[in-house]
> 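Quick one: the structure is below, and I'll ask about it shortly.
A quick note: this is a predicted structure, and the numbers were derived from the prediction, not measured.
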Amino acid sequence: QVQLVESGGGLVQAGGSLRLSCVASGRTFTLGWFRQAPGKEREFAAAITWTSDQTYYADSVKGRFTISRDNAKNTVYLQMSSLKPDDTAVYYCATGRPSRLRIGEFDEWNYWGQGTQVTVSS
């Protein structure tokens with residue numbers, strides 16, 4: 001069993017930055033971030049493999065968000081810059097062994113955190 005705990009969310013003005021963290025207890029594999037805005041489905045944001053040799057980003061965050069991990073601390077980070085009001089959502093950390101072609105699919109991931117709220121004001 002893996003437990004994931006996110007932190008770092010908050011209120012920020014448009015154009016600002018935030019760094020999310022997710023600490024895992026237990027064995028992790030590929031780590032990822034998803035987000036869910038009010039009234040919308042959960043969507044993929046970013047993912048990183050165990051060795052950090054590959055990263056994946058949704059088109060909506062590419063160039064603005066950076067995912068990284070520290071395996072010694074069993075932690076994954078999401079550095080978010082140039083934030084927009086459309087980035088407002090609950091951000092969830094997840095781990096699993098998604099296939100490369102389905103890495104953005106919700107059901108490819110096995111364990112989820114409780115989420116942290118990010119609100120971007122205009």
> Compute both the distance and the angle, then confirm whether Arg27 meets the cation-pi test with Trp50: under 6.0 Å from the six-membered ring centre, within 45 degrees of the axis.
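Because its charged atom sits under 6.0 Å from the ring centre and within 45° of the axis, Arg27 does stack over Trp50.
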
> Counting only heavy atoms from other residues, nucleotides and ligands, does the tally under 6.0 Å from CD of Gln54 exceed 12?
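Check passes, neighbour count above 12.
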
> Run the side chain to side chain contact (heavy atoms under 4.5 Å, CB included) test on Arg19 and Tyr77 for me, step by step, so that the C-alpha distance in whole Å, both residues' side-chain angles and the decisive distance to 0.1 Å come before the verdict.
CA-CA 7 Å; Arg19 189 176 83 153; Tyr77 305 97; 3.7 Å; yes

> Looking at Gly96 and Asn110, what are the two nearest heavy atoms and their distance?
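It is CA-OD1, 3.3 Å.
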
> Tell me, do Tyr111 and Thr28 make a side-chain contact under 4.5 Å, heavy atoms counted?
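Result no, sub-4.5 Å side-chain heavy-atom pair not found.
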
> Salt bridge or not between Asp59 and Lys62? Use side-chain N to carboxylate O under 4.0 Å.
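Salt bridge between Asp59 and Lys62, a charged N being under 4.0 Å from a carboxylate O: yes.
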
> Do the non-hydrogen side-chain atoms of Val90 and Arg42 ever get within less than 4.5 Å of each other?
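No, every pair of side-chain atoms sits at 4.5 Å or beyond.
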
> Going through the distances and angles, do Phe106 and Tyr92 end up as a side chain to side chain contact (heavy atoms under 4.5 Å, CB included)?
CA-CA 11 Å; Phe106 178 84; Tyr92 297 91; over 6 Å; no

> Under the 3.5 angstrom rule, does the side chain of Ser25 hit a backbone N or O of Val2 as a donor-acceptor pair?
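No.
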
> Hey, what do you get for CD1 (Ile48) to CH2 (Trp33), rounding to the nearest 0.5 Å?
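Interatomic distance, Ile48 CD1 to Trp33 CH2, rounded to 0.5 Å: 12.0 Å.
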
> Does Ser99 offer a backbone N or O that forms a donor-acceptor pair with the side chain of Glu108 under 3.5 Å?
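Yes; at least one donor-acceptor contact below 3.5 Å.
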
> Within the 4.5 Å heavy-atom criterion, are Asp87 and Phe65 side-chain neighbours or not?
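In contact.
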
> Do Thr95 and Leu4 have side-chain heavy atoms sitting under 4.5 Å apart?
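Contact flag for Thr95/Leu4 side chains = yes.
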
> If you count the non-hydrogen atoms of other residues, nucleotides and ligands that lie under 6.0 Å from CD in Gln36, is the total more than 12?
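Above 12, so yes.
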
> If I take atom CD from residue Glu6 and atom OH from residue Tyr91, how far apart are they, to the nearest 0.5 angstrom?
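It is 12.5 Å, given to the nearest 0.5 Å.
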
> Give, for atom CZ of Arg69 and atom CG of Asn74, the distance between the pair rounded to the nearest 0.5 Å.
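The CG atom of Asn74 is 7.5 Å from CZ of Arg69, to the nearest 0.5 Å.
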
> Between Leu11 and Gln117, is any pair of side-chain heavy atoms under 4.5 Å apart?
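No - every pair of side-chain heavy atoms lies 4.5 Å or more apart.
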
> Under 4.5 Å between any side-chain heavy atoms of Ile67 and Tyr56, yes or no?
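Contact flag for Ile67/Tyr56 side chains = no.
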
> Calculate, to the nearest 0.5 Å, the distance between atoms OH and CG belonging to Tyr57 and Leu78 respectively.
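Going from OH on Tyr57 over to CG on Leu78, the span is 7.5 Å.
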
> Is there a side-chain contact between Thr30 and Pro98 in this structure, where contact means two heavy atoms from C-beta onward sitting under 4.5 Å apart?
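Yes; the side chains approach each other to less than 4.5 Å.
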
> Indicate the atoms forming the closest heavy-atom contact of Ala14 with Pro85, along with that distance.
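It is CB-CD, 4.1 Å.
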
> For side chain to side chain contact (heavy atoms under 4.5 Å, CB included), just list the numbers for Gln114 and Cys93, CA-CA rounded to whole Å, side-chain angles, deciding distance to a tenth of an Å, and then say yes or no.
CA-CA 8 Å; Gln114 293 299 306; Cys93 174; over 6 Å; no

> Any chance the rings of Trp109 and Phe29 have centres within less than 6.0 Å?
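Judged by ring-centre distance (under 6.0 Å), Trp109 and Phe29 do not meet the cut-off.
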
> Does the separation of the ring centres of Phe44 and Phe34 fall below 6.0 angstrom?
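Yes; Phe34 has its ring centre under 6.0 Å from that of Phe44.
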
> Any chance you could measure Arg64, atom CZ, to Gln79, atom CD, to the nearest 0.5 Å?
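Rounded to the nearest 0.5 Å, the CZ-CD separation comes out at 12.0 Å.
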
> Rounded to the nearest 0.5 Å, what separation is found between the CG atom of Leu31 and the OG1 atom of Thr55?
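Atom-to-atom, Leu31:CG and Thr55:OG1 are 13.0 Å apart.
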
> Any donor-acceptor pair under 3.5 Å linking the side chain of Ser60 with the backbone of Ala58?
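Pair absent, no side-chain N/O of Ser60 close to backbone of Ala58.
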
> Under a 4.5 Å cut-off applied to non-hydrogen side-chain atoms, are Leu18 and Val118 in contact?
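Yes; the side chains approach each other to less than 4.5 Å.
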
